[in-house]
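I have placed the structure first, in the form of C-alpha cells, so that the comments after it can refer back to it.
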Amino acid sequence: MTNTGKYQESKIKRQLKPKRFWWLIGLGGGAVLITLTLAVFFYNSISNNLIDNRNFFLNKQLEYAANEAQANLRNLDEDLAFFVNTQKINARWEIKDASKELNELNIRELLNNYLNLIDSLIIEKDDFAQVYQINEPNQLSVTSINSSSIEELNEGEDIIVISGEEDFKLIVKLNISKYFDQLLDNYFLGSNTDKLVFMNDRFFKINGEGQMFFQDELIHENIIQEIDKGIRGDYSAFISNVYNADPQEFLLVQYPFTLAHLKGKYAFAFAQEKNTIDSAIFGNYFHLFIALFGLLTLVIFLIIKYFKITNENNLFLEKKSKHLNQLLKQQTILLQQSKGFIYYQNKEDVIYQVSENVKEVLGNQPDELVNQKLKDFILGDKADFLEKRSLHIEQKKEVFSFEFTSEKKDEGPIRAKVFEKLIYNEDKDYIGSVGIFTDINAKYKADQELIISENRLRSVLNSLPDIIFIYNNQGVYLDYYVQHEELLIVNPKESLGKKIDEVLTGEAGEKAMRAFNKVISTGKMQTEELDLLLDIGRRYFEVRFFKLDEKRVISVGRDITGQRLWERGLSEAKEAAELANREKSSFLANMSHEIRTPLNGLLGITGLLFKTPLSKKQNELLSIIGDSGESLLNIVNDILDYSKIEAGKMELDPVAMDFAMEMDKIINVFAGMALQKDLVINLKIEKSVPAMIVLDKDKLAQIFFNIIGNAVKFSKKGGRIDVIISGELIFTKNLILTCTVKDNGVGISKDKIPQLIKPFTQASQASNGDYKGTGLGLAIASKLIELMGGVLHIESEIDQGSTFTFALISQASEQKLNLLSNTAQKNENLAIENLADKHPLDVLLVEDNDINLKFMVMLLTQMGYNPDVALNGVEAISAVEQKSYDLVFMDNQMPRMNGMDATKIIRSMPNGRKMMIVGLSASVFKEDIELAMNIGMNDYLTKPVKIHQIVERIKNCILLKENQIK
C-alpha cells in the first residue's frame with residue numbers, strides 16, 4: 001500500500017472513531033437516563049404502596065379504638081342501670097344514714113372499673129346529695145353536699161340515671177378527655193404519628209399536647225362536615241402544631257362515633273407526616289440504586305469493550321430477559337397490592353364484609369358480594385378449590401392461596417388469585433378468614449405469552465444447523481448441542497471430559513487450540529476455518545470461539561462446504577467471464593480495424609471524388625457509395641457503443657451548450673429524409689427550459705438521432721413527428737428535462753413494446769423485411785438515457801403511432817458560448833488547394849494499407865504537400881533519423897513495429913521532440929486513445945477519417961510552427 005493509501009485509511013479511521021465514540025456515549029447516556037427513570041418510578045411505586053398500607057393500618061386502628069370507646073360507654077350505661085335497679089334503698093332512707101344503707105362496696109367496684117372514665121358519682125335525694133370519688137391513694141372519698149351545690153359540680157359531660165320510684169337520682173360526672181387520652185395511649189402507631197380527638201369542632205392532641213391547625217380551611221370544614229354526617233375518611237392535608245407555623249403534609253384518617261347519653265360529635269384521628277412514612281426505606285433504596293447504577297456502569301463498560309464481539313447481542317439479550325422477568329415479578333407484586341380487594345369470611349365461609357375497591361376488580365358493588373361464598377365467583381375448578389381449602393383447614397395451616405378463572409362484570413373472564421389468612425380460636429377451631437382477591441389477568445397473559453415464546457425459541461434451536469460445544473477454561477468439553485452427529489469426528493458423548501486437541505488431531509486441532517487460547521487470553525471472539533476428513537468425506541467448517549462466562553467458553557461451528565464449493569465455482573466462472581470479455585474486446589478491436597481501415601479509403605476517396613467535376617449520374621452513384629459507407633460505419637459504431645455500455649465503460653462528458661441550437665442541428669440532420677417522405681418534424685421547447693444547460697452533447701445527439709430516426713423510419717408518408725421538451729428546476733440549478741417524441745406512424749402492439757429496447761431485435765419479423773436496421777438504436781438510446789439518470793417509456797398502438805418519453809438529469813448554466821453562426825461557418829475559407837505555398841511543412845506519412853496510403857497521398861498532394869512515406873514503425877524511425885519533420889501521420893497497427901512503439905522511440909530522439917504526431921487508428925476504445933496521448937502523440941484520429949479532420953490537424957500544425965518561430 002502506498003503512503004497516500006495509508007494516509008487515507010488512517011484518516012478514515014480517525015473520522016470513524018469519534019462517530020463510534022459518540023454513539024457509545026449516547027447509548028450509555030440513554031441507559032443512565034432509563035435507569036434514573038426506572039429508579040424514580042419504582043421509588044414512587046414503593047412509596048405509594050407504603051402510604052396505602054399505612055393508611056389501611058391507621059384506619060383499622062381507628063376503627064378498633066372507636067369501637068372500644070363506644071363499647072366501654074355502653075358497658076358503663078348497663079352497669080349504672082344495674083347498679084340503680086339492684087340497690088335496696090329504704091323508702092324511709094334519710095341522707096344522714098345513706099352511707100350506711102348503700103352498698104359502698106358496689107360503688108367502689110363501679111368507680112374502680114371505670115377509673116379513667118368516671119370523675120365522680122353523685123347520689124341525690126331530696127335536697128341532699130353525697131359525692132363519691134376515688135382519691136390519689138386509691139381510697140373511696142365520700143362528701144355530703146346540699147342539692148343546691150350540685151350545679152357547681154356540673155361542669156362537663158354528665159350521665160343522669162333516675163330510679164324507677166323517682167325517689168332519688170344517680171348523677172355520674174365523666175372525664176372524657178382523660179378517658180380518651182388513656183384509651184388512645186394504649187395504641188402503638190409508631191414514631192411521628194399524632195393521636196387526635198375531635199371535640200367541640202376542633203382536633204386536640206391527647207395528653208394535653210395542644211391542637212392541630214389546618215392550612216386549608218376548606219379541607220378542615222369538609223372534615224368537620226363528614227364527621228357531623230358520621231362519615232369516616234382519610235385525607236392528605238397540610239397541618240401545623242402551632243398557629244401560623246410552617247405546615248407539613250400529613251396523612252390524616254378520622255373515624256366519627258357517638259357516645260350513649262352524650263350529645264356532642266366525637267371522632268378519633270391519627271395523623272402522620274408523609275415524608276416520614278417512606279424515610280425508613282430511603283437509605284436502603286439509595287444503596288440499592290447505587291448498586292444498580294454501578295452495575296449499569298459495568299455493563300456500559302463491557303458494551304464499549306466488547307461491542308465488536310458477535311456473542312455480545314446474545315449475552316445482552318439474556319441479561320435483558322432476566323431483568324425483564326424480574327421487572328414482571330415486581331410488577332405482579334405491585335398489581336396484587338393495587339388491583340385487588342379484601343374480603344372477610346365467617347366460619348361457614350360466607351362473605352360478610354368486602355372492601356370498596358371490589359368494583360375495580362370484579363365490577364360489583366361491595367354489598368353484592370356480602371352473604372355469598374367465594375366459590376360462586378370461580379369458573380371451573382370449584383371442586384379442586386374446595387378440596388384444597390378443606391385440606392388446609394384440616395391441617396391447621398395459617399395461609400391458603402389459589403389461582404383460578406373468574407368473571408368481571410360486563411367484561412368477561414379474568415385470571416384471579418386469592419390469598420387468605422385462616423383464623424382459628426384458642427381451641428384451634430376454624431372461625432373464619434380474611435383474604436385478598438387479586439386480578440392477575442395481565443400477569444397470566446404474560447406468562448402464557450412467555451410459554452409461547454419459549455416454545456418458539458425451542459423450535460428455533462431444534463432447527464439450527466450449527467454445532468455447539470461448551471468448554472471450561474482448560475479446553476475440556478463440558479456440554480454440546482448437535483443436530484447432525486454425522487458431521488463430527490467422534491460421538492459427542494465420547495468427547496465429554498476430553499480436551500480439544502485430544503479429539504481434533506493434526507493441523508485442525510492446532511488451529512482450534514490456538515483460537516481457544518487466544519479467547520482465554522484476550523476475551524475476544526476468534527474465528528477459524530477447519531478442514532476435516534469425516535466418514536462422509538471432506539468437510540469445511542467455520543468455527544467461532546467466544547467466552548460464555550468467566551469459567552466457560554463456547555464454540556459455534558457451521559458446515560460451509562457448500563459455500564466453499566460455490567466460491568470455487570464462482571471464481572472459475574469469473575475467470576471464464578473475464579477471459580470471454582478479453583476475447584470479446586480483442587474481437588471487437590480486430591473487427592473495428594478490419595472494417596474501418598477499408599472504410600477509411602472508401603470514404604476518403606469518395607470525398608476526393610466529390611471535389612472533381614462529375615456528371616449528374618456519377619454524382620448520384622457516388623452518393624450511393626458514400627451513404628452505404630456511412631451506413632456501414634454507423635452499424636460498426638452501434639455495435640461498439642453497445643459493447644462499451646455493457647462493459648460499463650461508457651462515461652459522460654458534460655459541457656455547457658446552447659440547447660435550442662443543438663436541437664436545431666439534430667432536427668436538421670433529418671431534413672432530407674423528412675422531405676423524401678413528406679414528413680413534418682415539429683420541435684417545441686417550453687419556456688421552462690433554460691437557454692444554456694450542462695449536458696453531454698454527443699450522448700444527447702445520439703439519443704435523439706436513434707429515437708427520431710426510428711420515428712422517421714416508421715412514419716407514414718405525409719405524417720407528423722412532434723418533439724416536445726420541458727424542464728423543471730430543482731434546488732436552484734438542477735434541471736430535469738422531460739423529452740417526448742411522438743409520431744403517427746405504423747405503431748406496434750403493446751405486447752411487443754418490451755422487445756424494442758432489446759439489442760439486435762425489432763418489433764417483428766415483418767418489420768425486419770420492410771424497415772432495415774441492426775436493432776441496436778433504441779437499445780443504445782435506452783442505455784444512454786439510464787446512464788443520464790432517466791428511463792425510456794414507450795406507448796404505442798398499431799396504426800395509431802408511438803410516443804417515446806424520457807427524462808434527463810442536467811444543470812442550468814449561465815455560461816455564454818462564443819459560437820460561430822452557421823452562416824459564418826459556411827463562409828469560412830476551407831480551400832485546401834495550394835495550402836503548401838503559404839504554409840510549407842515537412843510531412844511524414846506512416847501507413848501500411850495501400851488504399852489508405854493512396855487516399856492520404858492524393859489529399860496531401862492536392863494541398864501542395866509532397867509527403868515522405870513509411871510502411872511501418874521501423875521505417876518511420878529511420879526517416880526521422882535522416883530528416884526533421886513538422887507533422888507525422890502515424891498509423892497504429894502496422895507490421896514489424898506498431899505506431900505506439902514507434903512514437904515512444906521518436907519522442908526520445910533529439911529531432912523528434914518538437915514535431916507534431918497525429919495518430920491514425922481504427923480503434924475507438926477510450927483506453928487506446930488515452931494510451932496514445934500518454935506516450936507522446938499530440939492528437940488522435942479514428943478511421944475512417946474525414947477530409948476536414950486532416951485539414952484541421954494541418955492548420956493546427958501550421959499555428960504550432962508559427963508560434964515556435966515567434
Next item on the list: Quick one: pull up CZ in F250 and OG1 in T193 and give me the separation to the nearest 0.5 Å.
Entry: 9.5 Å
Next item on the list: Look at the side chain of K408 and the backbone N and O of E360, then say whether any donor-acceptor pair between them is shorter than 3.5 Å.
Entry: yes
Residues 58-65, side-chain donor-acceptor partners within the protein, below 3.5 Å, at least two apart:
unit_1 : atom_1 : unit_2 : atom_2 : d
N59    : ND2    : N55    : O      : 2.9
N59    : ND2    : N55    : OD1    : 2.9
K60    : NZ     : E63    : OE1    : 3.4

Next item on the list: Begin with the C-alpha distance, continue with both residues' side-chain angles, and end with the deciding distance and a verdict on side chain to side chain contact (heavy atoms under 4.5 Å, CB included) for I227 and F203.
Entry: CA-CA 12 Å; I227 292 176; F203 282 100; 3.9 Å; yes
Next item on the list: Inspect the surroundings of NZ in K382 and state if more than 12 heavy atoms from other residues, nucleotides or ligands are less than 6.0 Å away.
Entry: yes
Check: Given V418 and T438, is the side chain to side chain contact (heavy atoms under 4.5 Å, CB included) satisfied, shown in steps?
Finding: CA-CA 6 Å; V418 293; T438 308; over 6 Å; no
Notebook entry, point to check: Given side chains that start at C-beta, do those of L259 and L174 come closer than 4.5 Å, heavy atoms only?
Noted result: no
Margin query: Please check: side-chain N/O of N441 versus main-chain N/O of R415, any donor-acceptor pairing under 3.5 Å?
Written below: yes
Notebook entry, point to check: Is there a donor-acceptor pair under 3.5 Å between the side chain of Q70 and the backbone N or O of T258?
Noted result: yes
Notebook entry, point to check: What about F268 and F257, are their ring centers closer than 6.0 Å?
Noted result: yes
Note to self: Are I118 and I134 packed together at the side-chain level, in the sense that at least one heavy-atom pair is separated by less than 4.5 angstrom?
What the structure shows: no
Check: Does a sphere of radius 6.0 Å around CD in E356 hold more than 12 heavy atoms from other residues, nucleotides or ligands, not counting ones at 6.0 Å or beyond?
Finding: no
Check: Does some side-chain heavy atom of K421 sit less than 4.5 Å from a side-chain heavy atom of S433?
Finding: no
Margin query: In the structure I gave you, are the side-chain heavy atoms of I423 and Y344 within less than 4.5 Å of one another anywhere?
Written below: no
Next item on the list: Take Y114 and V172 through the test side chain to side chain contact (heavy atoms under 4.5 Å, CB included) and record every step on the way to the result.
Entry: CA-CA 11 Å; Y114 300 96; V172 180; over 6 Å; no
Checklist line | Inter-residue atom distance I440.CD1 - D447.CG, 0.5 Å rounding | finding: 8.0 Å
Notebook entry, point to check: With a 4.5 Å limit on heavy-atom distance, are the side chains of K443 and K417 in contact?
Noted result: no
Check: Would you say the side chains of Y179 and N72 form a donor-acceptor pair under 3.5 Å?
Finding: yes
Next item on the list: First locate atom CD of E221, then atom CG of D228, and finally report the distance between them rounded to the nearest 0.5 Å.
Entry: 11.5 Å
Notebook entry, point to check: Just by distance, do the side chain of D429 and the backbone of N425 share a donor-acceptor pair under 3.5 Å?
Noted result: no
Next item on the list: Find the distance between CG (D384) and CZ (F402) and round it off to the nearest 0.5 Å.
Entry: 4.5 Å
Margin query: Let's go through V358 and F437 carefully: what are the C-alpha distance in whole Å and the side-chain angles of both, what is the deciding distance for side chain to side chain contact (heavy atoms under 4.5 Å, CB included) to 0.1 Å, and is it a yes or a no?
Written below: CA-CA 9 Å; V358 64; F437 188 108; over 6 Å; no
Checklist line | Interatomic spacing from CZ in F385 to NZ in K375 - rounded to 0.5 Å | finding: 9.5 Å
Notebook entry, point to check: Taking atom CD of Q448 as the centre, does the number of heavy atoms from other residues, nucleotides or ligands within less than 6.0 Å exceed 12?
Noted result: yes
Next item on the list: Answer whether the closest heavy-atom distance between the side chains of S236 and E249 falls below 4.5 Å.
Entry: yes
Margin query: I want to check something: taking the side chain as every heavy atom from C-beta on, are E368 and L362 in contact at a cut-off of under 4.5 Å?
Written below: no
Margin query: Please tell me whether F377 and F404 form a close aromatic pair, meaning their ring centres lie under 6.0 Å apart.
Written below: no
Next item on the list: Specify the closest pair of heavy atoms between Y235 and Q254, including all atoms of both residues, with the distance to one decimal.
Entry: OH-NE2, 3.1 Å
Notebook entry, point to check: Do the non-hydrogen side-chain atoms of I223 and L252 ever get within less than 4.5 Å of each other?
Noted result: yes
Next item on the list: Mind checking the CD1-CG spacing from I239 to L196? Nearest 0.5 Å is all I need.
Entry: 7.5 Å
Notebook entry, point to check: Looking at D349 and K373, what are the two nearest heavy atoms and their distance?
Noted result: O-CG, 3.4 Å
Notebook entry, point to check: Is K396 reaching over with its side chain to a backbone N or O of K428, donor-acceptor style, under 3.5 angstrom?
Noted result: yes
Check: Taking only residues two or more places apart in sequence, or in another chain, which ones meet I351 in a side-chain contact (heavy atoms from CB on, under 4.5 Å)?
Finding: Y343, Q345, V354
